[in-house]
There are 2 protein chains.
Amino acid sequence: MTDQKDSTEQKIIDAAHEVFLKKGLDGSRMQEIANMAGINKALLHYYFRSKQKLFEAIFKNIIAHAFPDIRGIIMADLPVEEKIRGFVEKYIDMMAKNPYIPAFILKEINRDPEFIAGVIRSQGINPADILSMLEKEMAAGTIRKMNPREIMVNLIGLVIFPFAAAPMLNIILFNSNKKAYREFLNDRKITVTEFILNAILIR
Amino acid sequence: MTDQKDSTEQKIIDAAHEVFLKKGLDGSRMQEIANMAGINKALLHYYFRSKQKLFEAIFKNIIAHAFPDIRGIIMADLPVEEKIRGFVEKYIDMMAKNPYIPAFILKEINRDPEFIAGVIRSQGINPADILSMLEKEMAAGTIRKMNPREIMVNLIGLVIFPFAAAPMLNIILFNSNKKAYREFLNDRKITVTEFILNAILIR
DNA sequence: GTCTATATGGCGATAGAC
DNA sequence: GTCTATCGCCATATAGAC
């Protein structure tokens with residue numbers, strides 16, 4: 001049980017993670033990954049045989065990071081306000097730490113959407129459970145009656161989109177002031193929660 | 001003034017538009033564009049000199065399609081409900097006709113965000129005007145007081161995201177039933193409008 | 001203007017020494 | 001396991017005939 005932190009394999013994984021996350025499969029070069037790992041190209045193939053195989057190994061890991069565990073929040077015996085608030089906070093925190101994830105997923109999603117869906121399911125996230133939870137809230141009269149899928153899509157979109165489209169929105173709305181945009185994104189933990197609650201709650 | 005519709009240059013532009021839109025710059029091949037245009041690769045270079053130059057010529061055109069003219073709606077003397085409704089309908093109609101545009105923009109946005117912002121401005125869309133319009137509504141007490149940028153980002157995100165993430169959402173929420181998802185997207189001309197109005201209107 | 005043929009360069013992948 | 005050197009392919013780009 002030697003320390004694996006600085007093993008060659010781990011250095012490759014770390015470097016490939018960084019490069020693939022920023023540039024995607026097509027945009028990445030094996031040479032660049034090798035340079036970043038401080039080794040040569042041949043070793044990449046020695047450990048992972050092909051660029052495709054290396055990407056697949058990294059891909060699963062990136063996707064896993066992209067879906068934080070929300071079961072505890074969504075299925076808990078809490079008022080729906082708290083569930084929404086918890087969801088928004090967890091996702092915005094995750095993306096603040098991993099700002100390249102949303103664009104990466106949207107970029108690579110067409111490569112194998114079925115695989116991504118499988119990873120989501122394996123994270124224990126079951127859309128049907130969330131939908132039926134929302135339907136119960138509607139039946140109980142706490143939230144407006146509507147297609148529960150609308151709520152899910154709107155919630156996810158409101159949280160993810162400003163990160164995925166950050167480069168454009170930053171220019172259009174903040175004249176390229178990056179600090180102001182970061183603050184704006186962070187504020188959204190509160191403002192998005194309010195926005196959604198205003199849209200769906202019956203009070 | 002001969003008819004230019006079937007000129008070689010136009011055939012190249014049409015073919016390049018289709019291929020670049022679906023696959024992006026990195027994912028597209030000059031050979032594929034030549035095949036689709038019914039000519040050979042050499043002619044592409046004869047007319048546009050390089051792949052990069054050809055892409056830039058097409059890029060501007062794609063971006064222009066992505067921002068339909070909304071000045072008439074946003075700046076008109078209409079109640080804010082009608083402005084929101086008009087915006088949502090125009091954008092969803094545009095994306096239903098050009099489903100590859102959202103993913104294309106998010107994919108290519110990092111290549112030259114400044115250029116995209118310039119095209120948006122050249123379309124006559126002035127974010128500052130929209131922001132001040134929203135602020136007037138807040139001062140008049142028709143909509144809730146909040147950062148008007150939140151409204152703009154939320155509006156754009158709610159409209160675009162379900163198209164950009166269609167492959168994933170289609171699996172997760174509709175078990176890959178594409179027809180159901182198309183109907184869902186079309187219904188959103190109404191449901192997104194309602195959702196936003198509930199979120200921002202004071203009544 | 002349009003074609004065929006070919007040059008040029010880059011990148012993934014492999015061979016083989018150490 | 002790690003390296004250098006090189007192969008082989010594919011994609012962009014050019015040369016030159018027609």
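Residue numbers begin at 1 in each chain, while the letters A, B, ... track the order of the sequences.
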Side chain to side chain contact (heavy atoms under 4.5 Å, CB included) partners of Ala103(B), counting only residues at least two apart: none
Show every donor-acceptor pair shorter than 3.5 Å between a side-chain atom in residues 128-137 of chain B and any protein atom, with sequence neighbours excluded, or say none if there are none.
residue, atom, partner, partner atom, Å
Ser132(B), OG, Asp129(B), O, 3.1
Glu137(B), OE1, Thr142(B), OG1, 2.6

Anything under 3.5 Å between a donor and an acceptor, one on a side chain of residues 74-92 of chain A, the other on a protein residue two or more places apart or in another chain? List them.
residue, atom, partner, partner atom, Å
Lys83(A), NZ, Ile74(A), O, 3.0
Lys83(A), NZ, Ala76(A), O, 3.3
Lys90(A), NZ, Asp69(A), O, 3.0

Among residues at least two apart in sequence or on other chains, which ones pass salt bridge (charged side-chain N to carboxylate O under 4.0 Å, His left out) with Glu32(A)? Lys23(A)
List the atom pairs, with distances to 0.1 Å, where a side-chain N or O of residues 160-169 of chain A and a protein N or O form a donor-acceptor pair under 3.5 Å, not counting sequence neighbours.
none

Pairing residues for Thr191(B) by the side-chain hydrogen bond (donor to acceptor under 3.5 Å, both in side chains) criterion, not counting sequence neighbours: Glu150(A)
Ala180(B) meets the side chain to side chain contact (heavy atoms under 4.5 Å, CB included) criterion, sequence neighbours left out, with Phe174(B), Asn177(B)
Contacts of Glu18(B) meeting salt bridge (charged side-chain N to carboxylate O under 4.0 Å, His left out) (sequence neighbours excluded), chain-then-number -> Lys22(B)
Any side chain to side chain donor-acceptor pair (under 3.5 Å) pairs touching residues 43-53 of chain B, not counting sequence neighbours? Gln52(B)-Glu56(B)
Which residues in residues 26-37 of chain B have at least one heavy atom lying under 4.0 Å from any atom of DNA chain D? Ser28(B), Arg29(B), Met30(B)
Scan residues 50-58 of chain B against DNA chain C and write down, sorted by residue number, each residue with any heavy atom closer than 4.0 Å; if none is found, say none. none
Find every protein N or O atom lying less than 3.5 Å from an N or O atom of nucleotides 3-5 of chain D, and list the pairs.
residue, atom, partner, partner atom, Å
dC3(D), OP2, Asn40(A), ND2, 2.9
dC3(D), O5', Asn40(A), ND2, 2.7

